[in-house]
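Before any comments, here is the structure.
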Amino acid sequence: AQSVTQLDSQVPVFEEAPVELRCNYSSSVSVYLFWYVQYPNQGLQLLLKYLSGSTLVKGINGFEAEFNKSQTSFHLRKPSVHISDTAEYFCAVRINNQGGKLIFGQGTELSVKP
Amino acid sequence: GAGVSQSPSNKVTEKGKDVELRCDPISGHTALYWYRQSLGQGLEFLIYFQGNSAPDKSGLPSDRFSAERTGGSVSTLTIQRTQQEDSAVYLCASSLEAGRTNTEAFFGQGTRLTVV
């Protein structure tokens, strides 16, 4: 069975500091990897995705993530965060032969303080 | 439409009542997904449609939950005899085609269901 683990439920950080949100996955078949962001009382918005090719993926709002197959990780990073980045972040995998459904991690609440 | 539309945005219902949640996907999107977001459970897959067919309904928690999609467009998630543990945010997403490689799922803003 496939699963996604987000290692930190909450990450507090000061504005302009770097941040890394960790994600590990488990799957016996090939997967596609995604990071979504959810602002308060909003739906999910796609930040970035890894389908194939370069393992370093750049997304919106200055975020990037690196796919590491040997460590089955897909950590999200930003070199300098803003107050507006305060939100919940979800890592997800899409199983290639299961109709496109997403399996999500538990989420990481990023709190950026001035 | 411009995005995935869900209604109502909020629903408070009494325990034991039936509720219907509606999802209007992006025009032209043939795949539609339902997820549930609740405290302690995170985001759980419920069911997906390709057209009007539901190839995978493995995430529906019990036989009180059902969903249908008509005309390859609007979908309705029905919860019968609601229980307090059904309280959650129900999210709908749509994409061009289920399982298509380079496609993105777009999410609605969700329906917050509270069972009292």
Side-chain angles (χ1 to χ4, degrees), chain A residues 1-10 21 23-27 29-54 57-60 65 87-109, chain B residues 2-7 9-10 23-26 29-51 53-60 67 69 88-112:
Chain A
Q2 295 78 25
S3 66
V4 179
T5 302
Q6 291 183 243
L7 297 162
D8 306 293
S9 59
Q10 294 181 319
L21 307 184
C23 173
N24 286 89
Y25 70 93
S26 171
S27 177
V29 298
S30 61
V31 299
Y32 300 131
L33 296 156
F34 302 80
W35 275 98
Y36 284 86
V37 60
Q38 186 177 36
Y39 298 103
N41 300 313
Q42 300 286 316
L44 296 172
Q45 180 182 2
L46 181 66
L47 269 181
L48 48 78
K49 60 187 176 186
Y50 173 78
L51 304 180
S52 64
S54 172
V57 180
K58 294 191 184 296
I60 62 171
E88 188 143 21
Y89 292 78
F90 292 92
C91 181
V93 300
R94 192 173 79 203
I95 310 304
N96 294 351
N97 62 351
Q98 292 187 14
K101 75 180 185 185
L102 293 164
I103 297 172
F104 288 90
Q106 292 287 88
T108 297
E109 188 179 329
Chain B
V4 178
S5 177
Q6 292 188 247
S7 61
S9 54
N10 280 284
C23 174
D24 208 333
I26 293 172
H29 281 191
T30 62
L32 186 148
Y33 306 82
W34 284 99
Y35 294 88
R36 180 169 73 172
Q37 185 175 22
S38 53
L39 286 174
Q41 297 295 323
L43 271 157
E44 306 170 274
F45 166 80
L46 297 178
I47 184 172
Y48 91 88
F49 291 89
Q50 176 58 45
S53 301
D56 187 349
K57 49 181 82 171
S58 63
L60 294 177
R69 189 179 187 195
V89 176
Y90 290 82
L91 291 168
C92 176
S94 72
S95 68
L96 279 172
E97 185 178 337
R100 188 170 171 178
T101 300
N102 191 16
T103 184
E104 175 185 345
F106 293 84
F107 282 79
Q109 295 198 342
T111 293
R112 181 176 298 276

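Protein chains get the first letters and strands the later ones, always in sequence-line order, with residue 1 at the start of each. Only heavy atoms go into these numbers, but all of them, side chains included; no hydrogens, no water, no symmetry mates.
Neither the backbone nor the side chain of A/Q45 comes within contact range of chain B, judged by heavy atoms closer than 4.5 Å. Looking at A/K101, both its backbone and its side chain come within 4.5 Å of chain B, counting heavy atoms on both sides. In this structure, chain A has no heavy atom under 4.5 Å from any part of B/A93. For chain B, the nearby parts of A/L102 are the backbone and the side chain; heavy atoms of each come within less than 4.5 Å. Only the side chain of B/Q37 comes within contact range of chain A, with at least one heavy atom under 4.5 Å from a heavy atom of that chain. No part of B/F106 comes within reach of chain A, as not one of its non-hydrogen atoms sits under 4.5 angstrom from that chain.
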(message) side-chain contact (heavy atoms from CB on, under 4.5 Å), that's the test. Do A/F34 and A/L44 meet it? Break it down for me.
(response) CA-CA 11 Å; A/F34 302 80; A/L44 296 172; over 6 Å; no
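Of the residues considered (B/A105, B/S9, B/G110, B/G59), B/A105 shows the highest number of contacts with chain A, using heavy-atom pairs under 4.5 Å.
B/L91 and B/G108 get closest at one heavy-atom pair: CD2-O, 3.6 Å. Contact between A/Q6 and A/Q106 at its shortest, heavy atoms only, is OE1-N, 3.7 Å. A/A87 approaches A/V37 most closely through the heavy-atom pair CB-CG2, 3.6 Å.
Between B/Y35 and B/Y33, the angle of the ring planes stays under 30°, which puts this pair in the parallel group of the 30/60° scheme.
Remark: the B/Q50 side chain and the B/T30 side chain contain an N/O donor-acceptor pair separated by less than 3.5 Å.
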